[in-house]
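Each chain gets a letter, A, B and so on, in the order the sequences are listed, and its residues count up from 1.
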Amino acid sequence: MAAWVLHVDLDQFIAAVEVLRRPELAGRPVVVGGSGDPTRRAVVATASYEAREFGVHSGLPLRLAARRCPDAVFLPADAPAYDAASAEVMAALREFDVVVEVLGWDEAFLGATTDDPEALAADLARAVLDRTRLHLSVGIGDNKLRAKLATGFAKPAGVYRLTRDNWFEVMGGRPTEALWGIGRRTAAKLADLGLHTVRELAAADERVLARRFGPTMGPWYRTLGLGAGGTEVTASPYVARSRSRETTFQEDLTEPAEIGAAVATLARRVARDVAAEGRPAARVAVKVRFAPFFTHTRSRTLPAPTSDPDELERAAGEVLALFELTRPVRLLGVRAEFPAP
DNA sequence: TCTGGGGTCCTAGGACCC
DNA sequence: TCTGGGGTCCTAGGACCC
Ligand SMILES: Nc1ccn([C@H]2C[C@H](O)[C@@H](COP(=O)(O)OP(=O)(O)OP(=O)(O)O)O2)c(=O)n1
Ligand SMILES: [Mg+2]
Ligand SMILES: [Mg+2]
């Protein structure tokens, strides 16, 4: 029997959860995000496949989504409901004789030993569907990177296998941005070096990449082009590095007293999350986004790690005081960081 | 019609220390 | 006039992902 990495990812996850609660929405364009009011400052968290037909996707401003798809149903994001759905899905996956490494709300790597990974994938999908009524797609790979990318070709509700045998055939001609870890900015820098496709990146001179992107990222980008990567799937429990809360205001804040009060509120919410972690925070950061859209952060290592709400609130206030609050403020955020392990 | 919220990891310069 | 070499911590910002 052979070792395989499977990657499972739910289809239109939070939209699907919403449709389960409101079956009359099935087949309609559904857009989830913000408070569900498309006139407010917010973006699309996800759109149902019906809504995506209209060019609506994650990250698109809600107002624009409403413009592109006026008939869509706009719903507020309900994080606790998605947490619960996610937990059910992960529990269903753990029933199998596999190692489950949860990646986020709606996806996981599975380490499996089998001679028929497609059959396993079908069994997983069936089990999750039976238990949660949610559809998922499965990527099968000879490492995590290929399994992860395979899932994209599996959607919707399918299975796809991507290995060293078909890597260049499938990925070679695609833009570097198709790789997991290369986004718009890096793809543009690679293009400046004449590297447009996955195949070109794979054949690139490592020294050139190292000079442009540093000794860690440069060579790593080339390995992405090759489809190379780790195979180890671990079930070790997730340990948070930080907890944060942030809010974008519908109208920019200008009053220092209002700004201070908002930071204090955020700090106390963060403090609750820190307490829930059961570990003290070692550092506090405050984020301020000024109008029209300039984002800055200031941070401070605490004299000693703490979980105390009063101390965290005070620290956040002191970090806020490092800013010159000249322009109107559209977003405030507070983050607590835990000590490095 | 501007541009969410919750995260992770990397870089780079200066401080500080040996 | 030329002025080591690391290592590590601190901070700010950038990039990416779901
Ligand atoms: N910019 C983003 C991307 C995603 N999400 C949330 C909502 C998604 O439902 C969930 C999972 O992200 P996916 O990228 O897996 O997207 P979906 O599951 O919605 O769709 P797909 O079927 O393409 O996986 O994470 C978000 O809030 N903001
Ligand atoms: Mg998904
Ligand atoms: Mg996902």
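A straight line from CD of E107(A) to P of dC16(C) spans 17 Å, rounded to a whole angstrom. The distance between atom CZ of F338(A) and atom P of dG7(B), rounded to the nearest whole Å, is 9 Å. When the C1' atom of dT8(B) is taken as reference, atom CD of E101(A) falls 14 Å away, rounded to whole Å. Summarising the geometry, the separation between CH2 on W180(A) and C1' on dC16(C) is reported as 11 Å, rounded to the nearest angstrom. Rounded to an integer number of Å, the gap from CZ of R335(A) to C1' of dT8(B) is 10 Å. In this structure, CD of E337(A) is placed 11 Å from C1' of dT8(B), rounded to the nearest angstrom. As a whole-Å value, the separation of E277(A) CD from dG6(B) P is 14 Å. Whole-Å rounding puts the L145(A) CG to dC16(C) P distance at 16 Å.
A donor-acceptor pair shorter than 3.5 Å cannot be found between the side chains of S244(A) and S242(A). No side-chain donor-acceptor contact under 3.5 Å links E324(A) and T326(A). A donor atom on one side chain and an acceptor atom on the other are not found under 3.5 Å apart for T231(A) and D142(A). For R283(A) and T301(A), the side-chain atoms include at least one donor-acceptor pair closer than 3.5 Å. T295(A) and R330(A) share no side-chain donor-acceptor pair at under 3.5 Å. For the residue pair E18(A)/Y82(A), the side-chain donor-acceptor check at 3.5 Å is satisfied.
The 5' end of DNA chain B is approached more closely, in terms of each residue's nearest nucleotide, by R68(A) than by the other of G214(A) and R68(A).
DNA chain B is contacted by T216(A), M217(A) of residues 215-223 of chain A, taking any non-hydrogen atom closer than 4.0 Å. Listed in residue order, the members of residues 228-242 of chain A having a heavy atom less than 4.0 Å from DNA chain B are Y238(A), A240(A), R241(A), S242(A).
Looking at heavy-atom distances under 4.0 Å, I182(A) makes contact with sugar-phosphate atoms alone, never a base. Nucleic acid contact for I14(A): none, since no nucleic acid atom lies under 4.0 Å from a heavy atom of the residue. As judged by a 4.0 angstrom heavy-atom cut-off over every strand, G183(A) is placed among residues touching the sugar-phosphate backbone only. Backbone-only contact: D106(A) has heavy atoms under 4.0 Å from sugar-phosphate atoms and none from a base.
A salt bridge does not link D37(A) to R63(A): none of the charged nitrogens lies less than 4.0 Å from a carboxylate oxygen. Here D252(A) does not pair with R327(A) in a salt bridge; the nearest charged N to carboxylate O distance is not below 4.0 Å. One finds no salt bridge joining E311(A) and R314(A) here, because no Lys/Arg side-chain nitrogen approaches an Asp/Glu carboxylate oxygen to under 4.0 Å. In this structure, R21(A) pairs ionically with D78(A), as a charged nitrogen and a carboxylate oxygen lie closer than 4.0 Å. A salt bridge does not link R269(A) with D273(A): every distance from a Lys NZ or Arg NE/NH1/NH2 to an Asp or Glu carboxylate oxygen is 4.0 Å or more. Between R146(A) and D165(A), no side-chain nitrogen of the basic residue sits less than 4.0 Å from a carboxylate oxygen of the acidic one, so the salt-bridge criterion is not met.
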Would you sketch DNA chain B in dot-bracket for me? Only Watson-Crick or G-U wobble pairs with both distances under 3.5 Å count, crossing pairs as [ ], other-strand pairs as |, the rest as dots.
....||||||||||||||
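Between dC18(C) and dT3(B), the two P atoms lie 24 Å apart (nearest whole Å). Separation of the P atoms belonging to dC17(C) and dC2(B) is 28 Å when rounded to the nearest angstrom.
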Please list each protein N or O that sits under 3.5 Å from an N or O in nucleotides 10-14 of chain C, with the distance.
residue	atom	partner	partner atom	Å
dT11(C)	OP2	R283(A)	NH1	2.4
dT11(C)	OP2	T301(A)	N	3.0
dT11(C)	OP2	T301(A)	OG1	2.5
dA12(C)	OP2	S299(A)	N	2.7
dA12(C)	OP2	S299(A)	OG	3.0
dG13(C)	OP1	H296(A)	ND1	3.3
dG13(C)	OP2	T297(A)	N	3.2
dG13(C)	OP2	T297(A)	O	3.2

Please enumerate all protein N or O atoms sitting under 3.5 Å from an N or O of nucleotides 3-5 of chain B, with distances to 0.1 Å.
residue	atom	partner	partner atom	Å
dG4(B)	OP1	R330(A)	NH2	3.1
dG5(B)	OP1	T248(A)	N	2.9
dG5(B)	OP2	T248(A)	N	3.3
dG5(B)	OP2	T248(A)	OG1	2.6

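Atom CD of E24(A) has more than 12 heavy atoms from other residues, nucleotides or ligands within 6.0 Å. Open room surrounds CZ on R207(A); 12 or fewer heavy atoms of other groups in view lie less than 6.0 Å from it.
With sequence neighbours left out, Q250(A) forms a side-chain hydrogen bond (donor to acceptor under 3.5 Å, both in side chains) with no residue at all.
When all heavy atoms are compared, the tightest approach of G36(A) to F74(A) is O-CB, 3.3 Å.
Ring geometry for Y160(A) against F153(A) counts as tilted: the plane angle lies between 30° and 60°, on a 0 to 90° scale.
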